[in-house]
There are 2 protein chains.
Amino acid sequence: MSSRLPRITLADQVRDHIVMEIAQGRLAPGAPVRELEIAERLGTSQTPVREAFRKLAAVGLLETRIHVGTRVRDLTEKDLTDAVPVRAALEGIAGRLIAEGGLTADDELLDQMEQMESVARGGNRIALATACTAFHRRIITLAGNDSLSRAWESLGIEVMTLMALAHTEIDAVQAALSHLPVYAALTSGDPVLAERELSAHQFAFVPSSEGPPVADVAG
Amino acid sequence: MSSRLPRITLADQVRDHIVMEIAQGRLAPGAPVRELEIAERLGTSQTPVREAFRKLAAVGLLETRIHVGTRVRDLTEKDLTDAVPVRAALEGIAGRLIAEGGLTADDELLDQMEQMESVARGGNRIALATACTAFHRRIITLAGNDSLSRAWESLGIEVMTLMALAHTEIDAVQAALSHLPVYAALTSGDPVLAERELSAHQFAFVPSSEGPPVADVAG
DNA sequence: ACATCGTACGTTATCGATAATGCTTGACAC
DNA sequence: GTGTCAAGCATTATCGATAACGTACGATGT
């Protein structure tokens with residue numbers, strides 16, 4: 001579709017395809033997905049589909065029972081809220097590391113922020129989710145910690161963000177603008193501030209939760 | 001070899017086999033590993049080996065370049081130290097959640113602690129690594145947060161622990177005993193204490209690092 | 001009516017073979 | 001001497017087919 005010479009593996013293309021199908025509701029939660037059926041529909045063999053299934057199962061989007069079948073995992077409220085404190089901790093670490101490194105500016109982060117605001121005003125929530133994910137992934141990358149990257153990727157942020165923006169009433173423009181103070185904190189040179197801001201950012205759109213209890217902080 | 005009726009998939013057996021080969025030094029860091037060669041050696045086809053490779057690459061133990069090859073990742077000092085703050089954050093969260101849940105005792109944790117002390121005194125460092133991993137995995141499980149579990153698993157703790165205990169001078173008995181205050185904190189009912197203790201536990205054997213900077217805490 | 005066993009079916013898990021890709025080496029032109 | 005290109009090689013990526021497994025249903029006996 002995009003190019004006749006695939007730069008990435010078929011398995012990854014299949015994976016992205018399935019993610020989109022789920023995010024857009026064409027694959028409902030709980031619906032069974034069969035490797036051979038998807039393979040036939042996409043014109044591939046079972047092998048890349050199987051690989052895609054494994055990756056999606058690893059981030060909790062699919063659920064496979066050996067020799068029985070695979071189905072779309074029904075993401076409960078708990079699944080969504082569970083991810084929040086973990087993300088908060090991980091991105092908090094990223095913020096601290098970046099600020100310790102003395103970051104003063106980053107063009108890619110700036111680009112993604114502009115992109116977010118632009119598409120949010122245009123009402124394109126899927127594009128907003130894409131840009132938002134790219135922004136946060138960039139932060140993780142800037143931290144330069146492979147373990148951190150792997151842990152973050154394991155949360156399947158793409159999907160969560162897509163789902164959250166596609167199926168909730170969150171205000172897109174407000175969500176886009178909420179990244180400005182994040183950028184400011186990252187470039188402030190203050191590790192404690194950066195960690196706190198990055199962490200708090202995760203709780204911004206989860207009204208029911210207000211973050212973990214912390215010991216009293218002076219100031 | 002072990003059983004003629006495999007209860008788990010071949011891919012997982014292959015994965016465990018490769019982990020052991022790496023941990024025991026039979027597969028050196030940087031050494032190339034070819035899917036078909038491993039398949040032949042283990043008497044399977046390429047498919048399960050490939051799946052095992054992907055899982056191991058996901059935890060950073062192998063490194064695959066598309067259409068080129070896979071090699072054992074050379075775990076640098078940085079890789080080991082990178083994992084520490086991430087583990088600290090994740091297990092800290094686990095500690096907080098468990099204490100909030102009001103855990104008073106857990107037989108499995110107690111069993112693993114006994115096991116650790118026993119095998120440590122016997123000098124079996126591999127068994128110590130196994131028990132230690134089981135202990136910490138149990139903690140993550142007790143937290144009851146799927147995102148947390150996935151993030152933790154993504155760090156490949158098994159391998160890291162195995163490598164650390166197999167190739168360093170860490171005192172086994174001391175390492176085993178260091179889990180007692182962890183258990184005490186978990187069952188104390190104090191979320192802040194549990195989070196702090198679980199987190200600090202990760203820095204115990206990393207002399208060069210003393211943990212992240214924190215805001216001044218009253219008391 | 002109920003329990004037990006066997007059998008048929010759907011799906012994944014595995015296989016063996018082939019296609020596709022990136023790297024390397026060497027020839028060749030300049 | 002150096003750069004460019006082409007052919008060959010090593011390895012993965014993908015394919016199509018088969019085997020293995022778990023489930024559900026129905027037959028059978030009590």
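None of these values were measured; they are calculated from a predicted model. Just so it is clear: chains get the letters A, B, ... in the order the sequence lines come, proteins before strands, and each one is counted from 1.
To the nearest angstrom, P of dA19(D) lies 19 Å from CD1 of Ile66(A). The interatomic distance linking Glu35(B) (CD) with dT11(D) (P) rounds to 11 Å, in whole Å. We find that CZ of Phe53(B) is positioned 11 Å from C1' of dT12(D), with the value rounded to whole Å. At whole-Å resolution of the value, CD1 in Ile8(A) and P in dT21(C) are 13 Å apart. Computed from coordinates, the Leu10(A) CG to dG16(D) P distance equals 12 Å when rounded to whole Å.
When distances are taken from the side chain of Leu36(B) to each of dT12(D), dA13(D), dC15(C), the shortest belongs to dT12(D).
A salt bridge between Arg73(A) and Asp79(A) is present, with a side-chain N of the basic residue lying under 4.0 Å from a carboxylate O of the acidic one. The pair Glu153(B)-Arg150(A) fails the salt-bridge criterion, with no side-chain N (NZ, NE, NH1 or NH2) lying under 4.0 Å from an Asp/Glu carboxylate O. With respect to Glu108(B) and Arg138(B), a salt bridge is recorded, a charged nitrogen being found less than 4.0 Å from a carboxylate O.
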Between the protein and nucleotides 23-25 of chain D, which nitrogen or oxygen pairs are less than 3.5 angstrom apart?
none

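Within the 4.5 Å cutoff, side-chain heavy atoms of Cys132(B) are placed close to those of His179(B).
Heavy-atom minimum distance, Val72(A) versus Ala28(A): CB-O, 3.4 Å.
Legend: ring-ring contact (aromatic ring centres under 6.0 Å, His included) pairs involving residues 78-104 of chain B, not counting sequence neighbours: none detected. For residues 65-117 of chain A, no pair satisfies ring-ring contact (aromatic ring centres under 6.0 Å, His included), with sequence neighbours left out. Residue pairs meeting the salt bridge (charged side-chain N to carboxylate O under 4.0 Å, His left out) criterion with at least one member in residues 125-135 of chain A, sequence neighbours excluded, do not occur.
Tyr183(B) pairs by the ring-ring contact (aromatic ring centres under 6.0 Å, His included) definition with nothing, not counting sequence neighbours.
Residue-level contact check: Val33(A) touches the backbone only, with heavy atoms under 4.0 Å from sugar-phosphate atoms and none from bases.
In terms of phosphate contacts, Arg54(B) brings a side-chain nitrogen or oxygen within less than 4.0 Å of OP1 or OP2 of dA13(D).
Each of Arg50(B) and His67(A) has a nearest nucleotide on DNA chain D; the 5'-most of these lies closest to Arg50(B).
For the segment residues 37-49 of chain B, the set of residues with a heavy atom within less than 4.0 Å of an atom of DNA chain D comprises Gln46(B), in numerical order.
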